[in-house]
Enquirer: 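Below: one structure in structure tokens.
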Amino acid sequence: MLQFPKDFLWGVSTSAYQIEGAWNEDGRGESVWDRFAHRPHNVADNHNGDVACDHYHRMPDDVALLKTLGMPAYHFSISWTRVLPAGCGAVNPAGLDFYDRLVDELLAAGITPMAVLHHWDFPQALQELGGWVNRASVDWFTDFARVMFNRLGDRVPLWATFNEPWVIAFLGYGSGIFAPGVCDYSQAYQTLHHLLLAHAKTVQLFRQDNHAGEIGIVLNPDHFIPATNRAEDIAACQRAYDENVGMFLRPLVFGEYPAQFMDWLGVHRPTIFPGDLAQIKGSFDYLGVNYYRTSTVTHDVGGGLLKAKIHSVSEPGWGRTEMDWGIHPAGLTHVLLDWKENYGNPKMMVTENGAAFPDAPDDTGAVNDPARINFLRAHIEATHAAIRQGANVRGYFAWSFMDNFEWASGYRPRFGLVYVDYPTQKRTPKASAHWFGRVAQQNGL
Ligand code: NOJ
């Protein structure tokens with residue numbers, strides 16, 4: 001049996017917009033994802049998060065299910081506009097109460113709550129003031145964080161400021177395939193900088209107010225491999241790495257952006273005020289790793305700002321997921337060892353890992369998903385391999401607790417350990433849910 005270290009934290013993850021639904025109930029304000037998904041052609045099959053998994057109304061039952069499955073921890077995000085409908089100003093008591101009840105239910109069930117302040121559902125009212133491109137966003141976010149710390153800080157031991165700021169910056173403001181749908185790389189890099197600054201100021205606030213517990217940020221590193229050993233592919237690979245990893249970890253760990261890559265950006269370089277980077281440096285207790293892919297990188301003059309073609313690949317024999325992503329467990333070991341060796345071996349948690357497969361109930365109503373069990377097993381083994389080589393990894397969370405709204409891909413891809421029948425909202429734990437619950441309980445496999 002592969003045994004994990006004592007106090008290793010196991011759990012499952014979700015996010016607010018992907019599961020809650022109740023998009024306009026009890027005073028919730030509009031987010032950029034409401035606006036984006038309500039507009040035709042932005043999301044596959046014109047799906048949206050209006051109802052999603054109806055978790056807002058079913059939360060106590062969902063927490064009871066987490067307990068039945070034996071999940072030690074639960075990683076969820078907070079809908080900013082449920083709490084502050086206009087993004088700033090008046091607090092909506094009903095919204096704040098929802099998260100208060102969620103945390104109490106979790107604690108009563110013996111489940112550790114891990115709260116992410118922001119998982120992409122930015123307030124539409126603030127988008128109209130420029131969104132993350134406006135430097136005032138740093139204060140908007142810290143004001144929201146203050147409200148949450150004051151209400152939940154006494155009971156939530158683990159916090160993250162942002163989930164995957166790379167996605168907000170580059171899919172939200174660069175390619176525009178995600179909300180708010182802006183296609184402008186200058187705005188994307190400005191967003192990146194303001195996200196890191198908002199993160200840093202929020203961590204300062206958390207520390208100044210002496211909240212118990214730890215706070216970090218969740219990144220989404222790919223493992224990148226040059227497609228060949230030609231110098232131009234190696235250089236393109238470095239750019240892909242810098243955009244995805246270096247632009248976040250160098251400022252967070254060393255207080256600087258990667259110099260060569262900043263030169264490459266030319267006119268798209270963000271405006272940085274003196275003192276910003278010094279605040280970003282060291283602003284975390286732990287780092288979250290959402291790992292999904294390993295990608296080869298080829299120099300390609302048609303490859304946008306990076307001049308790179310990025311292609312996700314599988315290890316031999318693994319096939320691909322329903323979203324046509326490669327499956328490459330060893331890439332997770334590489335990522336964790338890269339962070340160990342090149343960024344001072346920070347405290348790390350695998351905060352998301354999982355895959356979409358075409359699951360369906362059989363005649364008896366059971367959902368057997370051996371492909372997901374194999375996927376999770378191999379990635380848990382890859383995490384263990386990194387720990388054996390000295391990586392400071394403290395937890396592993398599977399994405400996702402249940403099937404949910406997969407952003408621009410709508411409801412078709414099913415990432416859940418629990419199957420959701422959307423018309424009836426019936427939850428059926430898949431075989432992987434029972435399997436993973438046992439792994440968590442045994443602290444190993
Ligand atoms: C990362 C994101 O944080 C989550 O929202 C998404 O559903 C999963 N990856 C799968 O794509």
Side-chain angles (χ1 to χ4, degrees), residues 11-21 31-34 36-37 42-44 47-49 52-53 55 74-80 114-122 160-172 175 177-179 195 199 216-223 244-245 248 287-295 310 312 320-328 331-332 335 349-359 369 371-372 375-376 379 395-420 422 432:
V12 285
S13 301
T14 62
S15 89
Y17 187 71
Q18 293 179 274
I19 64 165
E20 285 181 4
S31 80
V32 295
W33 265 97
D34 297 312
F36 185 80
N42 280 335
V43 175
H47 286 165
N48 58 54
C53 305
H55 170 73
Y74 177 56
H75 188 241
F76 61 95
S77 82
I78 293 160
S79 156
W80 185 337
M114 186 165 177
V116 180
L117 288 165
H118 188 63
H119 193 130
W120 313 351
D121 44 359
F122 187 79
T161 51
F162 293 106
N163 175 75
E164 302 194 353
W166 179 91
V167 169
I168 302 174
F170 297 105
L171 304 190
S175 65
I177 66 168
F178 281 7
L195 288 169
H199 157 81
I217 185 168
V218 174
L219 306 180
N220 58 306
D222 275 24
H223 172 51
N244 180 230
V245 177
F248 296 91
L287 295 170
V289 175
N290 289 357
Y291 174 76
Y292 289 91
R293 279 181 307 264
T294 286
S295 298
I310 298 171
S312 78
R320 298 179 76 78
T321 76
E322 197 192 359
M323 293 177 77
D324 196 29
W325 295 357
I327 301 177
H328 202 295
L332 176 54
V335 166
M349 300 248 207
V350 178
T351 31
E352 277 186 35
N353 175 236
F357 293 110
D359 309 309
D369 55 344
R372 180 169 295 98
F375 180 102
L376 295 174
H379 286 81
Y396 174 96
F397 287 70
W399 182 270
S400 177
F401 171 31
M402 57 184 147
D403 296 334
N404 59 47
F405 177 75
E406 179 54 20
W407 308 109
S409 305
Y411 290 98
R412 191 182 46 82
R414 292 182 174 273
F415 276 88
L417 303 194
V418 172
Y419 184 88
V420 177
Y422 293 108
S432 60

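Read the numbers this way: they start at 1 and go in the same order the structure lists the ligands and their atoms.
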Enquirer: What do you reckon, does His119 put a non-hydrogen atom under 4.0 Å from ligand 1?
Expert: yes
Enquirer: Strictly below 4.0 Å, N to O, side chains only: are Arg414 and Glu322 in salt-bridge contact?
Expert: no
Enquirer: In terms of residue, atom name and distance, what is the protein heavy atom nearest to atom 2 (C) of ligand 1?
Expert: Glu352 OE1, 3.3 Å
Enquirer: Could you tell me which atoms of ligand 1, counted from 1 in the order shown, lie closer than 4.0 angstrom to a heavy atom of Trp407?
Expert: 4 (C), 5 (O), 6 (C), 7 (O)
Enquirer: Does the plane of the ring in Trp407 sit parallel, tilted or perpendicular to the ring in Phe405? Use 30° and 60° as the thresholds.
Expert: perpendicular
Enquirer: Please confirm whether Trp325 comes under 4.0 Å of ligand 1, counting heavy atoms of the residue only.
Expert: yes
Enquirer: Which residue owns the protein heavy atom closest to atom 6 (C) of ligand 1, what's the atom, and how far is it?
Expert: Glu406 OE1, 3.6 Å
Enquirer: Just checking, is any N or O donor in the side chain of His223 or Thr294 under 3.5 Å from an acceptor N or O on the other one?
Expert: no
Enquirer: What orientation do His118 and Trp80 show, parallel under 30°, tilted 30 to 60°, or perpendicular over 60°?
Expert: perpendicular
Enquirer: Do you see a donor-acceptor pair shorter than 3.5 Å between the side chains of Ser77 and Tyr17?
Expert: no
Enquirer: Between Tyr292 and Phe415, what is the ring plane arrangement, given parallel below 30°, perpendicular above 60°, and tilted in between?
Expert: perpendicular
Enquirer: Which atoms of ligand 1 have any heavy atom of Phe415 under 4.0 Å away?
Expert: 10 (C), 11 (O)
Enquirer: Given that the side chain starts at C-beta and the backbone is N, CA, C, O, which of these parts of Asn163 lies under 4.0 Å from ligand 1, counting heavy atoms, or is it both or neither?
Expert: side chain
Enquirer: Hey, is ligand 1 close enough to Trp120 that some N/O pair sits below 3.5 Å?
Expert: no
Enquirer: Does the gap between the ring centers of Trp120 and Phe162 come in under 6.0 Å?
Expert: no
Enquirer: Against heavy atoms of Glu164, which atoms of ligand 1 measure under 4.0 Å?
Expert: 1 (C), 2 (C), 3 (O)
